[in-house]
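What's counted below: heavy atoms across the whole structure, side chains too, no hydrogens, waters or symmetry copies.
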Amino acid sequence: MAKKQGIRLIANNKKAFHDYFIEDTYEAGIALAGTEVKSLRSGKCSIKESFIRVERGEVYIYGMHISPYEKGNIFNKDPLRVRKLLLHRYEINKIEGKLKEKGLTLVPLKVYFKDSLVKVEIGMARGKKLYDKRQDIAKKDQRREAERDFKVKNLF
């Protein structure tokens with residue numbers, strides 16, 4: 001029988017959805033070393049300022065901060081070290097082909113546990129203009145107003 005997949009979110013990059021149009025997403029594994037998995041299990045990760053590059057046929061994430069494990073020793077690694085993302089060769093080739101288009105970039109969206117493996121959701125993104133951001137903010141405000149009105153009507 002198939003095992004039910006448990007997904008537990010570690011870090012979410014909300015700013016990416018505000019600053020970019022996400023056109024395509026990929027799920028990648030990540031090469032970790034030392035006590036980094038133990039730090040991730042305690043939720044000590046930040047991807048707010050991180051970015052992804054494809055170099056020499058490999059995909060790397062820069063600026064991902066994984067705090068050192070408190071009970072660790074010499075096996076703790078540098079919190080901001082460059083980490084390799086694990087993707088299939090055909091996915092890397094597809095990503096490289098799309099990145100040649102003007103205006104596209106790779107951004108990390110989420111870091112999560114899928115069963116017992118650490119995964120990173122990366123997005124192929126196109127930058128938003130200022131007026132696009134204003135439209136998103138206006139839509140969000142309208143949605144909040146509607147929810148607020150709905151809650152007030154249900155109270156009486």
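Listed here is the closest heavy atom pair of A125 and V107: CB-CG2, 4.0 Å. Of all non-hydrogen atoms in I7 and Y112, the two that sit nearest each other are CG2-CD1, 3.8 Å. Scanning both residues, S39 and S42, for their nearest heavy atoms gives O-OG, 2.8 Å. When every heavy atom of L104 is checked against every heavy atom of E23, the shortest pair comes out as CD2-OE1, 3.6 Å.
Grouping the Ile, Leu, Val, Met, Phe, Trp and Tyr side chains by contacts below 4.5 angstrom, directly or via other members, places Y20 apart from V59.
Residues E36 and R83 have side chains in contact (heavy-atom distance under 4.5 Å, counting atoms from C-beta outward). Taking the side chain as every heavy atom from C-beta outward, P108 and I52 approach each other to under 4.5 Å.
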For this session: Let me see the working for H65 and C45 under side-chain contact (heavy atoms from CB on, under 4.5 Å), right down to the final yes or no.
Result: CA-CA 6 Å; H65 186 276; C45 177; over 6 Å; no
For this session: Any chance you could lay out the side-chain contact (heavy atoms from CB on, under 4.5 Å) test for Y26 and E121, step after step, and finish with the verdict?
Result: CA-CA 6 Å; Y26 300 91; E121 183 177 291; over 6 Å; no
For this session: Please test F51 against L106 for side-chain contact (heavy atoms from CB on, under 4.5 Å), starting from the C-alpha separation and ending with a verdict.
Result: CA-CA 7 Å; F51 59 96; L106 283 174; over 6 Å; no
For this session: Take I61 and V82, measure what side-chain contact (heavy atoms from CB on, under 4.5 Å) needs, and give me the verdict at the end.
Result: CA-CA 6 Å; I61 185 166; V82 178; over 6 Å; no
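Applying side-chain contact (heavy atoms from CB on, under 4.5 Å) to L109 and the options I22, I122, I47 leaves one that passes, I22. Looking at I30, I10, I66 one by one, the single match for side-chain contact (heavy atoms from CB on, under 4.5 Å) with V111 turns out to be I10.
When the salt bridge (charged side-chain N to carboxylate O under 4.0 Å, His left out) test is applied to K140, no partner is found at least two apart in sequence or on another chain. Listed by chain and residue number, D141 satisfy the salt bridge (charged side-chain N to carboxylate O under 4.0 Å, His left out) test with R144 (two or more places apart in sequence, or in another chain). Judged as a side-chain hydrogen bond (donor to acceptor under 3.5 Å, both in side chains), and not counting sequence neighbours, the contacts of K84 are E58. Annotation: side-chain hydrogen bond (donor to acceptor under 3.5 Å, both in side chains) contacts of Y60 (sequence neighbours excluded): none. A search for side-chain contact (heavy atoms from CB on, under 4.5 Å) contacts involving E49 returns K15, not counting sequence neighbours.
Residue-environment remark: NZ (K110) stays at or below the threshold of 12 foreign heavy atoms within 6.0 Å.
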Counting only pairs under 3.5 Å, give me each side-chain donor-acceptor contact of residues 85-99, with atom names and distances, residues two or more places apart or in other chains.
{"unit_1": "R89", "atom_1": "NH1", "unit_2": "G57", "atom_2": "O", "d": "3.0"}
{"unit_1": "R89", "atom_1": "NH2", "unit_2": "G57", "atom_2": "O", "d": "3.2"}
{"unit_1": "E91", "atom_1": "OE1", "unit_2": "H88", "atom_2": "N", "d": "3.2"}
{"unit_1": "N93", "atom_1": "ND2", "unit_2": "R89", "atom_2": "O", "d": "3.4"}
{"unit_1": "K98", "atom_1": "NZ", "unit_2": "D24", "atom_2": "OD2", "d": "2.9"}

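For the pair R41 and F113, the cation-pi test (distance below 6.0 Å, angle within 45°) is passed.
Here the straight-line distance linking atom CZ of R8 with atom CG of L40 works out to 9.0 Å at 0.5 Å rounding.
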